[in-house]
Amino acid sequence: MTLSNPKQYYSRFLKGHAGRLHFRAHSHHFWPDVSREAQIAYWDDCALFSDKKWDRIFSETIPKTQNHIAKILGLKDARQIALAPNTHELSARLLSLFLGRKELKILTTSNEFHSWRRQFLRLIEIPGISIHQVDAAGFPRDKAVFLDNMRSELGKDYDLVFLSQVFFDSGAALTDGDMESLVAATPVSTLFAVDGYHGFAAIPCNLSRLEGRIFYLGGGYKYGQGGEGIGFMVVPKGNWRPADTGWYAEFAQLSRPVGEEVGYPEDAMAFMGSTQDPSGFYRFNAVWDLFDSAGIDIPGIHGYVVGLQKTFLDNLPQTFVQDWSLAALFDPALIWHGHFLTFEAPSWEIAEKCLQALSRNGILIDRRGARLRFGFGLYQDEADVIELCRRLRELARKS
């Protein structure tokens with residue numbers, strides 16, 4: 001569907017950023033106004049129910065969050081979605097499945113997000129753990145080569161495969177078909193995990209063909225628009241016993257006698273942790289309740305954002321690109337891409353100077369190394385993009 005004036009839902013964040021052009025939707029997407037009321041509703045529930053609030057949270061709030069996530073991803077079984085304050089906690093719990101192994105082989109890529117990159121670099125210091133990184137630097141320019149290199153490795157009996165759906169440092173994205181082809185080339189004994197953080201609630205994604213086969217991690221901090229505290233992991237059915245386990249994983253068995261063996265539920269609750277601030281679930285639910293009532297879905301959101309991106313490219317002053325010697329890391333046709341457009345500068349020093357120049361002119365983007373990222377979202381409209389390009393043109397004249 002064609003979205004009409006989605007900016008109307010973001011008045012408070014827009015007021016907070018008056019005069020500035022916030023093109024960091026990929027870093028911190030604005031929250032719709034309804035999320036504020038949801039935050040207050042959580043406080044009110046705490047005042048009304050105190051410790052009994054958990055009955056309400058586990059019987060109503062969490063199932064609603066799981067159902068929204070399942071709908072966004074085209075999943076049938078919402079019970080196979082584990083929730084946590086962040087995806088790092090869930091990924092650590094996933095890795096704990098292998099605790100005690102004398103050897104562990106992991107396949108990943110060279111361009112994973114900082115938290116996973118740091119974790120992998122630390123893990124290879126441990127004897128018996130080996131990690132192979134397929135070079136993904138050229139993925140934005142030649143996806144076929146990357147996919148071929150991944151497939152050639154996938155049959156080599158790895159214990160775990162981990163890769164991004166949308167790469168954080170370029171915006172280059174895998175399609176559902178790409179992921180399905182990679183999973184098809186992977187032995188069933190290998191756990192396959194996808195970092196969907198820049199894909200979830202941004203690009204259309206239907207995991208129905210992969211349901212029950214892959215772990216998929218995402219959250220509400222970015223395009224989920226609920227803010228912090230909403231990490232999730234889609235979990236295949238299985239007798240999972242993560243060594244890193246919290247008491248939520250035994251929530252359904254609290255009234256039973258304590259046994260000698262740690263018990264786990266048969267669904268995604270096996271990966272749940274311990275007490276956390278659940279207000280993020282309230283915010284997330286309020287946002288997607290609103291979008292459902294307004295008929296806003298992921299294809300509509302993606303189409304709207306692609307329209308903004310094309311307006312940007314149509315009006316982008318080449319003088320700005322040339323002055324900073326920027327190279328685009330995307331196909332201008334935008335056939336399939338994430339919700340941010342990345343330009344690479346000759347060095348991180350030049351990229352930082354450009355970033356600061358933009359900031360002084362009220363343009364807020366971000367930098368990853370020598371790469372500058374322009375992010376687009378529902379709280380922008382065509383006039384904002386035209387104004388962005390006008391300021392870039394003025395900046396080019398000054399430089």
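A quick note: this is a predicted structure, and the numbers were derived from the prediction, not measured. Residue numbers run from 1 in the order of the sequence given.
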Ring-face cation of R36 near W31 (centre distance under 6.0 Å, axis angle within 45°): no
Those residues that, when tested against E153, pass side chain to side chain contact (heavy atoms under 4.5 Å, CB included) (two or more places apart): L107, H132, V134, K156, Y158
Minimum-distance pair of heavy atoms, taken over all atoms of I203 and H337: CG2-O, 3.6 Å
L104: hydrophobic cluster co-members (side-chain, 4.5 Å): L90, L94, L95, L97, F98, I106, W116, F120, L121, L123, I124, I126, I129, I131, L160, F162, L191, F215, L217, M233, V235, W240, F271
Counterpart residues, side chain to side chain contact (heavy atoms under 4.5 Å, CB included), relative to D169 (two or more places apart): N111, F167, R371
Hydrophobic cluster of I386, others only, ordered by chain and residue number, side-chain cut-off 4.5 Å: none
By salt bridge (Lys or Arg N to Asp or Glu O under 4.0 Å) - contacts of K105 (at least two apart): none
Polar side-chain atom of S91 near backbone of T87 as donor-acceptor pair, under 3.5 Å: yes
With R213 via salt bridge (Lys or Arg N to Asp or Glu O under 4.0 Å) - residues at least two apart: none
F200-Y223 aromatic ring centre distance below 6.0 Å: no
Fellow cluster residues of W348, listed by chain then number, with links counted only when side-chain atoms sit under 4.5 Å apart: none
Residues that D384 engages under salt bridge (Lys or Arg N to Asp or Glu O under 4.0 Å), provided they are two or more places apart: K7
Polar side chain donor-acceptor pair, E211 to S208, under 3.5 angstrom: no
F23-F376 aromatic ring centre distance below 6.0 Å: yes
Donor on one side chain, acceptor on other, Y379 and H29, under 3.5 Å: no
Within 45° cone of Y264 ring axis and under 6.0 Å: R241 NZ or CZ: no
Run the side-chain donor-acceptor check on residues 50-57: report pairs under 3.5 Å with partners two or more places apart or on a different chain.
unit_1 : atom_1 : unit_2 : atom_2 : d
R56    : NE     : D45    : OD2    : 3.1

For R101, salt bridge (Lys or Arg N to Asp or Glu O under 4.0 Å) partners two or more places apart: D159
Shared-cluster residues of F168, by chain and number - hydrophobic side chains joined below 4.5 Å: F113
Qualifying side chain to side chain donor-acceptor pair (under 3.5 Å) pairs, either residue in residues 298-314, two or more places apart: H302-H339
